Amino acid sequence: WYTRNTARFRTGDSYRNFLHSVDVELACDIIQWAYVQRNDAELFVSVDLDPGILINSGQNLYKIDGTKRKKKKDVQNMGCFEEKAKVLPGGCHENYFALRDIEKDEELLLDYGDFAIEDGWESFGL
C-alpha cells in the first residue's frame with residue numbers, strides 16, 4: 001500500500017470545503033478516514049481514497065488487551081521495511097508493507113502513530 005491516492009489539505013477550510021462537496025454519507029466516512037500528517041515541515045489533513053481505508057489501527061491493541069499486554073510486533077501486521085521503501089518515492093513515509101503473511105479474513109492493522117499526529121487537528125481549527 002502506498003499513499004499516491006491520498007488527498008492532502010493544507011488548511012482546515014479546504015478540508016471543510018471538500019467535505020461539503022461530497023454526499024453527506026460519504027463525508028461521514030471521510031471524517032473517519034482522515035488524519036493529520038507531517039510531510040517535511042508542513043502539516044496536512046490527509047485522507048486515503050484507496051484500499052488504504054481498510055487498514056485499521058492496531059495502536060491501542062498492543063498497549064492493553066484486557067488484562068494482558070501485547071507487544072506491537074505481535075499485533076501489527078502492516079508497516080514499513082526500510083530497505084524496500086528507500087528505493088520507492090516517499091520512503092517509509094508513504095509506503096507500507098505486510099510485515100508477515102496475513103491470513104484470510106485477518107484484519108489489517110497498522111500503528112497509526114507511525115504516521116499520524118494525534119493532536120494535530122487543533123492546528124487546523126478542527
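Treat the numbers as computed from the prediction; the structure is a model and nothing was measured.
Remark: Phe44 CZ to Gln37 CD distance equals 8.5 Å, nearest 0.5 Å. Taking CG from Leu88 and CZ from Phe81, the interatomic distance works out to 13.0 Å, rounded to the nearest 0.5 Å. To the nearest 0.5 Å, the span separating CG on Leu49 from CG on Asn5 amounts to 7.5 Å. One finds the CD1 atom of Ile30 at 12.0 Å from the CD atom of Glu25 (value rounded to the nearest 0.5 Å). In this structure, OH in Tyr15 is found 5.0 Å from CD1 in Ile31, a value given to the nearest 0.5 Å.
Thr11 pairs by the side-chain hydrogen bond (donor to acceptor under 3.5 Å, both in side chains) definition with Ser14, not counting sequence neighbours. Take Asn17 and apply the side-chain hydrogen bond (donor to acceptor under 3.5 Å, both in side chains) test, not counting sequence neighbours, and it matches no residue. For Ile102, the side chain to side chain contact (heavy atoms under 4.5 Å, CB included) test picks out Asn77, Met78, Ala98, Glu106, Leu108, with sequence neighbours left out. Phe18 pairs by the ring pair (Phe, Tyr, Trp, His ring centres under 6.0 Å) definition with Phe9, not counting sequence neighbours. For the side chain to side chain contact (heavy atoms under 4.5 Å, CB included) test, residues two or more places apart in sequence or in another chain that qualify with Ile117 are Val36, Arg38, Leu43, Asp119. A search for salt bridge (charged side-chain N to carboxylate O under 4.0 Å, His left out) contacts involving Glu122 returns nothing, not counting sequence neighbours. For Ala116, the side chain to side chain contact (heavy atoms under 4.5 Å, CB included) partners two or more places apart in sequence, or in a different chain, are Tyr35, Tyr112.
For the side chain to side chain contact (heavy atoms under 4.5 Å, CB included) test with Trp33, the passing option among Thr6, Val47, Leu54 is Val47; the others fail.
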Next item on the list: Report the C-alpha distance between Leu110 and Phe115 in whole Å, list the side-chain angles of each, state the deciding distance to 0.1 Å, and finish with yes or no for side chain to side chain contact (heavy atoms under 4.5 Å, CB included).
Entry: CA-CA 10 Å; Leu110 176 71; Phe115 60 90; 3.1 Å; yes

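Residue pairs meeting the side chain to side chain donor-acceptor pair (under 3.5 Å) criterion with at least one partner in residues 81-90, sequence neighbours excluded, are Glu83-Lys86. Every pair passing salt bridge (charged side-chain N to carboxylate O under 4.0 Å, His left out) that includes a residue from residues 10-24 is listed here, sequence neighbours excluded: Arg10-Glu42, Asp13-Arg16.
Residue Gly79 comes nearest to Leu99 through the heavy atom pair N-CG, 3.5 Å, listed as atom of the first residue, atom of the second, then distance.
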